[in-house]
Protein chains: 2
Amino acid sequence: MDIKTNLIATAERLFDRNGFSATGMDRLTQEAGLSSRTLYKHVGSKTVLMALVLGVRERRFMERLDVQTVDEIFDVLAQWTRDEGGRGCLFLRSYGETGGDIPEIANVVLTHKEATRAKIAEIVQRDLGGGDHGELTEQILVLFEGAVAAAVYRGMDAISAARKAAASLVAQARS
Amino acid sequence: MDIKTNLIATAERLFDRNGFSATGMDRLTQEAGLSSRTLYKHVGSKTVLMALVLGVRERRFMERLDVQTVDEIFDVLAQWTRDEGGRGCLFLRSYGETGGDIPEIANVVLTHKEATRAKIAEIVQRDLGGGDHGELTEQILVLFEGAVAAAVYRGMDAISAARKAAASLVAQARS
DNA sequence: TAAAGTGTAAAACGGTCGTTTTACACTGTC
DNA sequence: GACAGTGTAAAACGACCGTTTTACACTTTA
């Protein structure tokens, strides 16, 4: 595998599992199997690496979120959690750990959140057969965010609860 | 004010605003207006301080959450966010930043989450006039958690959306 | 008035942080 | 066969980490 790709994948795993600050560069170079010199030649700094990690995560997530119905949104989340584990939203965690003070990271996070909201809006609109549904979109967004967060301690139950709640709200909006 | 109380309050503010790891002890002693010797005499270590912070936050939060209806749950959250700012759940952030690997902290976090769930269950049951409502409780919990998380980037809109969604689900459960 | 307790100020502790540098091996190319 | 490019291994960088220690001032109490 490409060095940089492998490095970013390793960093994503370690940052997600152990936290950003708690993950030292020594551990990173060791687990990625490269020297610190090569690491810094490829990514420049730890902050840039974190931004790159969020960038690839954003792309992988958005690819998966390319669905047609509100129900499927939560299927995607359930599968994602089964595949990658539920340790909370890495974007919000990065934002919180840096106090929102590092623009490189804050930008990626806020852009990701806006893209997610826009995607949910699109799915809601399609699922309901057109029309404006800003309020329902915000509700589904909150359910989605809540499912991610609550899955940390409630597991898959949080996701299926969110799914059912969303279905209720959609059904109510239809009638 | 009592030294330890003031220290914990200062630590809560700094940990919440800037993150746990990102907050150094120098900054803490400086802003709390005491020497490092006094700090360590009173709390022992940074980890213990973090656990103490979560402890007082838990008590303050639970006092506020002592309400009777589902609607009021979200009123409490709205007021809390206005008073203290919405930077995400400090419990989950602490858990994430430490990878869940520090028992002292993990215990406080998971206990707090279970207490919150139990309190919501009690409120839901009272609001619906008795009976078992495990599924609805889980849905309200997810909405609450989602409102906290989404408020970081959507502000108060996330909270009022959660409030309305919860009201819809409660109304549906009543009929 | 001596002792014990509690506080501050500040230097120092050993360790670890992110990052840079040095020294060297291997590879493909003109 | 020199050469630039890219990699590793590992030492070293200065800064900062959480924590402990030293030295000293003030208050309370017996």
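Letters A, B, ... are given to chains in the order of the sequence lines, protein chains preceding strands, and every chain is numbered from 1. All values below were derived from every heavy atom in this structure, side-chain atoms included, with hydrogens, water molecules and symmetry-related copies excluded.
At whole-Å resolution of the value, CD1 in Ile102(A) and P in dG18(C) are 12 Å apart. For Leu28(B) and dT8(C), the CG to C1' distance is 17 Å, given to the nearest whole Å. Between Lys4(B) atom NZ and dT6(C) atom C1' there is a gap of 15 Å when expressed in whole angstrom units.
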**OP:** Carefully, step by step, assess Arg93(B) and Glu97(B) under the rule salt bridge (Lys or Arg N to Asp or Glu O under 4.0 Å).
**Re:** CA-CA 6 Å; Arg93(B) 287 168 57 203; Glu97(B) 201 164 334; 5.9 Å; no
Original post:
Please walk me through it: do Arg59(B) and Glu63(B) pass salt bridge (Lys or Arg N to Asp or Glu O under 4.0 Å)?
Top reply: CA-CA 6 Å; Arg59(B) 259 166 265 134; Glu63(B) 270 173 27; over 6 Å; no
Original post:
Does the pair Leu49(A) and Leu7(A) meet the rule for a side-chain contact (heavy atoms from CB on, under 4.5 Å), with working shown?
Top reply: CA-CA 9 Å; Leu49(A) 178 56; Leu7(A) 168 58; 4.2 Å; yes
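Side-chain atoms of Phe15(B) and Leu28(B), non-hydrogen and from C-beta on, do get closer than 4.5 Å to each other. At a threshold of 4.5 Å between non-hydrogen side-chain atoms, the residues Arg64(A) and Asp83(A) count as touching. Residues Leu110(A) and Glu114(A) fail the side-chain proximity criterion, which asks for heavy atoms closer than 4.5 Å. Side-chain contact between Lys119(B) and Asp66(B) is present, with heavy atoms from C-beta onward closer than 4.5 Å. Within the 4.5 Å cutoff, the side chain of Leu77(A) has no heavy atoms near those of the Leu65(A) side chain.
Closest approach of Ala149(A) to Glu145(B), counting heavy atoms only: CB-CG, 3.4 Å.
For the helix from dT1(C)-dA30(D) to dC30(C)-dG1(D), the terminal axes (five pairs an end, C1' atoms, rotation from four pairs onto the next four) enclose an angle of 10°, given to 10 degrees.
Of the residues in residues 35-52 of chain A, Ser36(A), Arg37(A), Tyr40(A), Ser45(A), Lys46(A) come within less than 4.0 Å of DNA chain C through at least one heavy atom, sorted by number. Less than 4.0 Å separates DNA chain C from at least one heavy atom of each of the following residues of residues 6-27 of chain A: Thr23(A), Gly24(A), Met25(A).
More than 12 heavy-atom neighbours from other residues, nucleotides or ligands sit within 6.0 angstrom of CD on Glu58(B).
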